[in-house]
Amino acid sequence: MVSAGLDLGSVASKAVLMENGKVIHSIIRCTEGLNLQRGEDFLNHFLQEANYDRSAIQFIGATGYGRISASFADRVTSEIICHARGVNHLIPNARTVIDIGGQDTKAIKINREGEVIKFEMNDKCAAGTGRFLETMARALGIPLQKMGDRSFQSSHPCSISSVCTVFAESEIISLLAEGNRLEDIVAGLHLSVAKRVQSMVQRIGLDQEVVFTGGVAHNAGVHSALEKILAQKIVVPDSPQLTGALGAALLYQD
Amino acid sequence: MLDKLLTLCGFSSEEIEKERSRVQRAFQKINLTDEDVARGVNRIETYFDTELMGIRKGLGIYLKEFVGLILAREEKKKIIYSMLPSLGGNPAAVANVVSKDYLAAFPDLVFVFTLGQMFGKLDYVLDAAETHCLPAGVAHCGSNQVRLGRYLLHLTPIPDLHISWGVLCDEAPKLDDLLAQHFGIPTVFINRCQDGWVVVDGVPRLPERTVKYIAIDMKRAVDRIGETLGTKISDDAMRASLVRVLNYFNYWYEIGQLLKNDPIPIHQVDLGIFHTFILQCFQDYDELIRAAQILLQELRERVAKGIGALPKGTPRVLLSGATSACDPGIATLIEEVGLGVVVNELQIYGPNGEAIPQVGGIADLGTANPYEVMAKLFATNSAFMDMGPRVHVIEKAARIWKVDGILWWVHANCRTYATDALMIKDALEKRLKIPVCFIEGDVYDPRIYNVQQQRIRMETFAEMVKMSKMKKEREQGKA
């Protein structure tokens with residue numbers, strides 16, 4: 001069985017190709033343009049890179065905010081469903097999934113079959129999402145990829161009280177002006193993200209194992225902050241950004 | 001194009017000839033252009049099931065109310081306005097019984113349905129309210145914003161009296177107080193006794209004191225209506241007004257019962273029109289009854305022939321809240337993701353959770369105190385209840401209607417409804433062991449809550465409901 005899964009996110013587009021339940025190729029690319037042709041273009045680019053013929057693919061699943069451009073897919077569904085399936089495939093003992101993407105944050109409770117039992121999401125406000133961290137990195141003048149490492153050099157994380165990305169940006173500029181260390185501010189930002197996730201996780205109830213996915217899972221500082229706030233060990237799979245696409249590729253099992 | 005709109009709203013060719021110029025006058029008065037009319041035609045054809053003449057008539061009733069409101073002063077009517085809630089019949093409606101020279105209306109909901117749902121042109125009214133004193137981002141109810149915006153933009157005349165309720169809403173009476181001072185609107189306030197339903201030995205009970213309190217305050221408001229209109233409003237007139245409402249309830253109840261069938265014979269967005277009719281005043285109740293009769297007959301025929309608006313076997317959900325007053329795209333989205341709404345909370349009454357057979361068939365109230373009947377009817381609706389009894393009654397309704405999931409839509413800008421929403425969700429999940437999805441929204445405000453934003457939640461919830469339903473059927477050996 002050969003299946004492909006697409007996760008057409010607002011910030012990054014992801015795809016996986018699976019053969020008999022094993023991932024044989026994957027791709028993560030910055031999303032360029034939001035149009036109805038986007039899904040088709042991305043799939044073609046992916047298959048070209050994988051050197052794989054489309055006619056050999058028996059099933060295509062699609063998810064993500066851009067899934068409307070994937071009308072060619074055999075099945076299209078929400079990313080909550082797909083992340084649940086993808087995580088379950090990688091870590092069968094997973095029962096709580098925290099997904100922090102570019103523009104939303106989700107807490108998902110799943111059963112042993114990878115089915116969604118409960119979920120909470122923040123999709124109205126950028127605070128606590130990848131967008132929030134991007135904005136803060138830009139304001140602080142440090143690369144987004146370096147935020148994690150910098151936060152580990154903190155000794156006294158700052159308290160970031162603002163719940164809004166715009167206000168938080170003003171707040172960190174004030175903190176810098178007051179002479180606070182950049183590392184302490186970054187650590188404070190990570191804690192702020194973790195606290196927002198905490199309330200969502202508390203709503204759905206936390207069960208082990210807890211898995212962290214999405215692009216922000218690459219940020220070791222946020223990972224550490226989450227473990228601290230939730231007082232739990234949290235697993236990050238090898239390719240945390242691909243779990244949605246993986247889940248989409250597995251939809252043929254339904 | 002105007003003729004096409006009127007046809008889609010169930011106007012006969014004679015009615016079109018008779019009413020066309022009046023409708024044009026009203027539209028010109030509030031600057032509804034040809035482009036708006038064309039959009040209205042498009043939206044009606046997109047969202048509503050115009051194959052059903054009953055639905056067309058329902059749309060027409062709202063359109064006629066809209067026109068009547070705009071032209072009321074020009075047509076030399078004495079005007080009484082009211083607002084939410086009026087779940088047991090709107091006390092202001094008695095004015096329409098007393099004389100055709102009086103117009104009683106609930107303008108905010110009429111505007112939500114017409115300017116909003118039909119014409120897709122409510123945003124500028126909301127914007128006007130936000131510019132003035134009800135800004136965005138500060139949890140102001142869309143209904144209240146519509147009310148303020150109407151006056152600011154001179155879309156409806158200043159009434160001779162406004163009836164304000166502090167029963168379910170904390171913001172509305174405050175706003176009405178400000179409107180009274182700013183625009184000189186004579187206003188009377190109906191209050192609430194906070195003693196709501198209680199659950200005693202597992203049975204919800206409504207304190208008699210609550211009914212009497214509301215009844216006395218309704219009478220006070222109606223006496224004020226009489227003073228305004230220069231006439232005394234008798235209990236008989238009040239009973240006559242209430243009987244009209246109860247007769248409509250009978251048809252509404254029967255229509256609702258048809259949703260126990262599979263396939264579901266009507267779309268939620270269409271049924272929503274008839275749900276919100278219970279909140280309204282209406283000049284012509286006979287027309288309303290006729291529309292309900294037509295719809296009931298059409299739906300009975302569909303059920304007899306096995307014709308559904310949705311496929312057979314569609315998972316069934318209970319829907320809370322006033323989605324009927326939202327962007328119709330949201331009610332449509334519920335069905336797009338593969339779910340069918342079989343019962344709306346407006347149909348759920350205590351203590352048994354069923355719609356209101358106990359008042360069905362009443363054509364004569366005898367010498368019953370009409371205010372107490374109205375107060376009891378109002379206070380019996382699930383939406384009026386506090387958390388404990390409300391959960392109890394919703395649970396009963398969910399079992400009666402055999403729902404596979406609950407869509408707990410919450411008016412997020414309403415402190416009354418938003419405060420206990422998550423607790424109710426958790427309680428229902430625990431009691432019923434079915435998926436319950438919490439969705440935030442507002443009374444028609446697609447600038448803040450729109451279809452695309454809701455899509456991911458609805459799609460996920462739909463998958464959860466389908467899985468849950470499949471598992472249950474397997475356990476019951478049906479698969």
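Note that the structure is a prediction, hence the values are computed from the model and not measured. Proteins get letters first, then strands, A, B, ... in listed order; numbering begins at 1 in each.
If you tally non-hydrogen atom pairs under 4.5 Å between each of B/Met467, B/Glu459, B/Glu429, B/Arg455 and chain A, the highest count goes to B/Glu459.
Salt bridge present: B/Lys471 and A/Glu115 bring a charged side-chain N and a carboxylate O closer than 4.0 Å.
Between B/Ala397 and B/Ile348, the closest heavy-atom pair is CB-CD1, 3.5 Å. The two atoms that bring A/Thr63 and A/Cys82 nearest to each other are CB-SG, 3.6 Å, heavy atoms only.
For A/Ile117, the part lying near chain B is the backbone, with the side chain staying farther off; criterion is any non-hydrogen pair under 4.5 Å. Contact annotation for A/Lys118: both backbone and side-chain heavy atoms come within less than 4.5 Å of a heavy atom of chain B.
The aromatic rings of A/Phe42 and A/Phe46 sit parallel to each other, their planes meeting at less than 30°, with 60° as the upper class boundary.
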